[in-house]
Amino acid sequence: MSLKLAYMGIEATDLKAWRTFASVIGFHIEEADDALLFRLDEKARRIIVRRSSEDDYAYCGWDAGSSEAYAARIDRLRAGGVEVTEGDAFGARERAVEGYATFVDPNGFRQEIAYGIQEAKTPFKSEFMKDGFSTGDGGFGHILVKVADYRASEAFALRFLDGKISDHIDLGQGAGRTEMVFIHMNERHHSVAFFEGAIPASKKIHHFMVETPTFEDVGRAYDRVNAAGIPIGVSIGQHSNDRELSFYCVTPSGFWLEVGAGGVRIDDATWSAGAYDSVSSWGHKFGGAK
Ligand SMILES: [Fe+2]
């Protein structure tokens, strides 16, 4: 069974700022001891923001699909020499899963494999996103990670997570050199992407992405983010490879959130990996609209 991005964990110094941020974006917000728990859809949990002395990405979790597939995936990782540590009951409760296990890829990108992803017991509730975010078979979104050696993370994702290459982007050589790989595990154009090069990223991830049902949702979120004074990382625009119409804003923990709609869905029977020399076909100005 193909993997789906099920959840993501964040370390945060300022839960109040995250609460405000989440309400502007339109997440369903639940409170816990020293944590905020966000829903995007009918699943009990998608984003876990835990109080910490740090502001950073903590982990993401792949839905294995079943307890058998979970056990098989752990066996495969261990057989390949990857250290895997099973999580405890507290961690499983916080993630709203039956069980989970953590590992890192060759660049130290921390990930988890999980099973028994719980459905929520109450309806999704959000002032701005009445029908929730676009998830389903594509998982909750995607994550972009800056790494020292993107080929090592690419090889790991292909070998152990059954990832397939969606496309590569090469932004030229010299001082501005940036090379990126986009990897899919399901119909979503990419669940994870890795890059090395000139684009700055001071946190463990560059950004994570959530997808809305309509382009209008993206535009309205853009207006709300601007009205709330949340810094824009990249103005509204459209990506060259996955065709996602999106903008990026700065989360309270320093990495960015991309809010987008209209991303390509991949059918492996007909897909062939592409190569691009730009990330966007229009818009997407760094530092906001100019
Ligand atoms: Fe993205």
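Model, not experiment: these values are computed from the prediction.
Every salt bridge (Lys or Arg N to Asp or Glu O under 4.0 Å) that Glu216 has, sequence neighbours left out, goes to Arg220.
Arg39 contributes a side-chain N or O that, together with a main-chain N or O of Lys43, makes up a donor-acceptor pair within less than 3.5 Å. When atom types are taken as modelled, the side chain of His189 and the backbone of Gly263 share no donor-acceptor pair closer than 3.5 angstrom. In this structure, Asn226 contributes its side chain and Asp223 its backbone to no donor-acceptor pair below 3.5 Å. When atom types are taken as modelled, the side chain of Lys4 and the backbone of Phe140 share no donor-acceptor pair closer than 3.5 angstrom. Looking at Thr13, its side chain never comes within 3.5 Å of a backbone N or O of Ser53 through a donor-acceptor pair. Side chain of Ser240 to main chain of Ser278: a donor-acceptor pair is present (N/O by atom type, distance under 3.5 Å, no hydrogens or angles). In this structure a side-chain-to-backbone donor-acceptor pair under 3.5 Å is missing from Arg45 to Ala6. In this structure a side-chain-to-backbone donor-acceptor pair under 3.5 Å is missing from Asp56 to Lys203. Within the 3.5 Å criterion, the main-chain N or O of Ser202 finds no donor-acceptor partner in the side chain of Lys146. In this structure, Gln238 contributes its side chain and Arg243 its backbone to a donor-acceptor pair below 3.5 Å.
Side-chain atoms of Glu258 and His142 form a donor-acceptor pair, as typed in the model, at a separation below 3.5 Å. Donor-acceptor pairing under 3.5 Å is lacking for the side chains of His190 and Glu244. Looking at Asn241 and Asp167, their side chains do bring a donor and an acceptor atom within 3.5 Å of each other. At a cut-off of 3.5 Å, with distance as the only test, no side-chain donor of Thr251 or His207 sits close to an acceptor on the other residue. Side-chain contact of His28 with Asp41: a donor-acceptor pair under 3.5 Å is absent, judged by distance alone. When only modelled atom types and interatomic distance are considered, Trp18 and Ser253 share a side-chain donor-acceptor pair under 3.5 Å.
Under a cut-off of 6.0 angstrom, the local environment of CG in Asp75 is crowded, with over 12 non-hydrogen atoms contributed by other residues, nucleotides or ligands. Dense packing is recorded around CG of Asp268, with more than 12 heavy atoms of other residues, nucleotides or ligands lying under 6.0 Å away. No more than 12 heavy atoms of other residues, nucleotides or ligands lie within 6.0 Å of CD in Glu127, so this atom counts as exposed by the packing criterion.
Using a 4.5 Å heavy-atom cutoff, the side chains of Phe103 and Ile113 are in contact. Using a 4.5 Å heavy-atom threshold, the side chains of Glu83 and Arg78 count as separate. The shortest side-chain heavy-atom distance between Val147 and Phe195 does not fall under the 4.5 Å cut-off. Lys130 has its side chain out of reach of Asp217: every pair of non-hydrogen atoms, C-beta onward, lies at least 4.5 Å apart. Side-chain atoms of Val24 and Ile230, non-hydrogen and from C-beta on, do get closer than 4.5 Å to each other. Counting heavy atoms from C-beta on, the side chains of Leu5 and Ile143 come closer than 4.5 Å. Annotation: side chain of Phe182 is not in contact with side chain of Ile165 (no heavy-atom distance under 4.5 Å).
With ring centers used as reference points, His284 lies under 6.0 Å from His239.
A salt bridge is absent between Arg265 and Asp242: the closest approach of a Lys/Arg side-chain nitrogen to an acidic carboxylate oxygen does not fall below 4.0 angstrom. Looking at Glu31 and Arg19, a side-chain N of the basic residue comes within less than 4.0 Å of a carboxylate O on the acidic one, giving a salt bridge. Look at Arg188 and Glu211 and you find a salt bridge, because one of the NZ, NE, NH1 or NH2 atoms lies within 4.0 Å of a carboxylate O, short of that distance. Salt-bridge annotation for Arg50 and Glu11: absent, with no side-chain N of the basic residue lying under 4.0 Å from a carboxylate O of the acidic one. A salt bridge links Arg110 to Glu112: at least one charged side-chain nitrogen sits closer than 4.0 Å to a carboxylate oxygen.
Tyr100 carries Arg95 over the face of its six-membered ring, with the cationic atom under 6.0 Å from the centre and within 45° of the normal.
Among all heavy-atom pairs drawn from Ala152 and Asn107, the shortest one is CB-ND2, 4.0 Å.
Note that OG of Ser235 and CH2 of Trp282 are 8.5 Å apart. Values are rounded to the nearest 0.5 Å. Taking CG from Leu144 and NE2 from His206, the interatomic distance works out to 6.0 Å, rounded to the nearest 0.5 Å.
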* Phe194/Tyr150 under ring-ring contact (aromatic ring centres under 6.0 Å, His included): CA gap, chis, key distance, verdict -> CA-CA 6 Å; Phe194 300 99; Tyr150 87 84; 8.6 Å; no
* How far apart are the C-alpha atoms of Phe27 and Phe133, what are their side-chain angles, what is the distance that settles it, and do they pass the ring-ring contact (aromatic ring centres under 6.0 Å, His included) test? -> CA-CA 9 Å; Phe27 296 157; Phe133 290 79; 5.5 Å; yes
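Ring orientation note: the planes of Tyr70 and Tyr115 are tilted relative to one another, at an angle of 30° to 60°. Taking the six-membered ring where tryptophan is involved, the planes of Tyr7 and Tyr59 are perpendicular, since the angle between them exceeds 60° and thus also 30°.
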